[in-house]
Amino acid sequence: MRRRVAAASAAIVIVVLAHLAHPLAHDHDARVIGRVLEFGSAIVALLLLLIGGPRTLRALRERREDAERAHAERKQINHLFRMTEMLQSANGYADANAVLGATIESLLAGFGGALYVFNNSRDRLELSASWHWPETDTLRPMLTPAQCWALKRGKPHVNADSCGALHCEHHLGTATVLELPMTAHGEIQGMLKIATTLPDAAAQLARVQPLATAIADAMSLAVSNIALREKLRTQALRDPLTGLYNRRYMEDALSRYASLAERSGTHLSVIMIDLDHFKKLNDEFGHAVGDAVLREAAATIMSALRTSDVACRYGGEELLVLLPECGITEASAKAEVLRERIEALSTTHDAKISASFGVAAIPESTRSITELLGVADAALYQAKEAGRNRVVAAPGREAPMLPLAAE
C-alpha cells in the first residue's frame with residue numbers, strides 16, 4: 001500500500017513539474033528547466049525516503065545486529081578452541097583451574113564460577129576452585145552425589161531462591177546457581193557451577209547456559225585426562241591390593257630420608273613387619289580371607305602413622321614403615337601400638353592374626369643406609385625366632401638385641 005502511494009505521489013510531482021516547465025520551454029531556457037527537474041527529483045526522493053525510510057533503517061539495524069552477534073559468536077568459539085588447546089597441556093588440576101578461571105572471567109564476566117571434582121574413591125565431590133563467587137552464597141568444601149539433583153539426573157539444574165523451586169540439599173545462600181554435570185567417556189567427572197545475584201537471574205542464566213555447557217564439556221575432558229594420569233601414577237607407585245606404596249617408591253623415599261637425616265643430624269627409623277603364619281591362614285581360610293587380612297592390616301598401620309611417615313608393601317606379607325625424624329625408642333613404641341592393633345583383627349575374622357616387628361634406626365643401630373634394612377630384617381628374624389607376635393629393636397652398635405613385647 002505504501003509503495004503504491006509513493007509511486008502515485010511521485011507521478012503527480014513529475015506531472016506538476018512537467019506542467020511548470022512547459023511555459024519555460026517556449027523560452028528555450030534549458031538551465032531553468034534543468035533546475036526545475038532537479039528540484040522535482042529531490043522532492044520525489046524526499047517523499048520516497050519519508051514513506052520507505054523507517055523500514056530501510058530497521059533492516060539496516062537488524063543487519064548490523066546480526067553481524068555483531070555473529071562476530072561475538074565467532075569470538076566465543078575461538079576462545080573455546082584456545083581453552084581446549086590449553087587444557088590439553090595442563091599437567092594437573094592447578095593448570096586446568098587457571099585456564100577455566102580465565103575463560104569464565106572472559107566469556108562469563110559478571111558471573112561467579114566453581115568447579116567440583118570427584119575424589120579418588122568417587123564417593124564425594126571436592127571443591128577444586130572458585131572464581132568471583134557471590135558473598136551471599138556459601139560453597140561447601142565437599143558434597144555427595146545424593147545431595148545434588150544435577151548429578152542424580154545427569155542434567156543441568158538451577159537452584160533458585162524462589163517459591164516452589166526445587167533446591168539441592170547442598171545449596172546455601174540466596175544466589176541463583178546453574179549446576180552443570182560434566183560428563184566424559186560416559187561417566188560424570190565433576191560439576192561446574194555458575195552463579196549470579198542479578199534481579200533477572202533466571203533469565204541471565206538461561207541466556208549463558210549454552211556457553212556454560214560448552215565450557216563444562218571442554219573442562220570435563222580435561223578433568224577425565226587428569227584423573228586418568230593420576231590413577232596411572234598411583235598404580236605405578238602403590239600396591240594394588242593394600243594401597244600402600246610399593247617397593248620401588250620405598251627405595252626412593254628411603255634414600256631421600258637418609259640423605260636428609262645425614263645433613264640435618266636427625267634420626268630415621270625403620271619398622272619391618274611380617275604377618276605371622278600367613279601361609280597357614282591362606283590354606284585354612286582361603287586367599288580371599290588372606291587378602292582381606294592383608295588389606296585391613298595395611299589400613300590399621302596407615303591409621304596410626306603421621307602424614308610424613310611412609311608405609312610400603314615390601315613383598316608378600318612383609319610390610320615396611322619409614323619414620324623420619326623419629327628415634328628408635330619412639331619407633332619401638334609405635335611398633336608396639338601397631339602390634340596390638342593387628343592382633344585385634346583376630347576377633348573380626350575369627351582367626352588368630354598377629355605380626356612380628358623388627359625396628360632399626362639411624363644413627364642408633366647403624367650409620368649406613370645400605371645396612372639399615374638388613375639390621376631391621378635381622379631384628380624381625382629374632383622376633384620370629386623368639387615366638388612371633390612381638391617387637392624386637394635392633395641394638396646399639398655394641399649391644400645385643402632384646403625383645404620389647406611377647407605373647
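Here the structure is a predicted model, which is why all the values come from computation and not from measurement. Basis for what follows: all heavy atoms, side chains included, without hydrogens, waters or symmetry-related copies.
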TODO: Quick one: which residue pairs count as a salt bridge (Lys or Arg N to Asp or Glu O under 4.0 Å) with a foot in residues 312-330, not counting sequence neighbours?
DONE: Asp239-Arg313
Task: side chain to side chain donor-acceptor pair (under 3.5 Å) contacts touching residues 209-220 (sequence neighbours left out) - done: none
Open item on the list: Going by ring-ring contact (aromatic ring centres under 6.0 Å, His included), name the residues that satisfy it together with Tyr249, two or more places apart in sequence or in a different chain.
Closed with: Tyr245
Task: Shortest non-hydrogen separation from Gly290 to Phe278 and the atoms involved - done: O-CZ, 3.4 Å
Task: Verdict with supporting geometry, Ser368 and Thr370, side chain to side chain donor-acceptor pair (under 3.5 Å) - done: CA-CA 5 Å; Ser368 171; Thr370 57; 2.6 Å; yes
Task: Straight-line distance of Thr300 OG1 to Leu319 CG, nearest 0.5 Å - done: 10.5 Å
Open item on the list: I need the minimum non-hydrogen distance between Arg140 and His170, along with the two atoms involved.
Closed with: NE-O, 3.0 Å
Task: Heavy-atom closest pair, residues Thr242 and Arg295 - done: CA-CG, 4.4 Å
Open item on the list: Taking atom CE as the centre, does Met142 end up with more than 12 heavy-atom neighbours from other residues, nucleotides or ligands that are less than 6.0 angstrom away?
Closed with: yes
Task: Exercise: do Thr266 and Ser264 side chains pair donor with acceptor under 3.5 Å - done: yes
- [ ] Heavy atoms only: give me the nearest Pro145-Asp123 pair and the separation to one decimal.
- [x] CD-O, 3.8 Å
Task: Heavy-atom side-chain proximity of Met272 to Tyr314 below 4.5 angstrom - done: yes
Open item on the list: Going by salt bridge (Lys or Arg N to Asp or Glu O under 4.0 Å), name the pairs with one or both residues in residues 174-184, residues two or more places apart or in two chains.
Closed with: Glu179-Lys193
Task: Check: Leu373 main-chain N/O paired with Asp377 side-chain donor or acceptor under 3.5 Å - done: no
Open item on the list: Please enumerate all residues that pass ring-ring contact (aromatic ring centres under 6.0 Å, His included) together with His167, with sequence neighbours excluded.
Closed with: His171
Task: SB check Lys279 Asp283 (cutoff 4.0 Å) - done: yes
Open item on the list: Tell me which one of Leu151, Asn119, Thr144, Val117 satisfies side chain to side chain contact (heavy atoms under 4.5 Å, CB included) with Leu125.
Closed with: Leu151
Open item on the list: So, using side chain to side chain donor-acceptor pair (under 3.5 Å) as the criterion, who are the partners of Lys155 when residues are at least two apart?
Closed with: none
TODO: Verify whether one side chain among Ser354 and Asp276 offers a donor that lies under 3.5 Å from an acceptor in the other.
DONE: yes
Task: Salt-bridge contact Arg339-Glu336 (side-chain N to carboxylate O under 4.0 Å) - done: yes
Open item on the list: Could you walk me through whether Ile342 and Phe357 satisfy the side chain to side chain contact (heavy atoms under 4.5 Å, CB included) test, starting with their C-alpha distance in whole Å, then the side-chain angles of each, then the deciding distance to 0.1 Å, before giving a yes or no?
Closed with: CA-CA 11 Å; Ile342 291 176; Phe357 295 77; 4.0 Å; yes
TODO: From the options Asp137, Val158, Leu198, Asn159, select the one residue that forms a side chain to side chain contact (heavy atoms under 4.5 Å, CB included) with Thr176.
DONE: Val158
Open item on the list: Salt bridge check, Arg306 against Asp309: does any charged N sit closer than 4.0 Å to a carboxylate O?
Closed with: yes
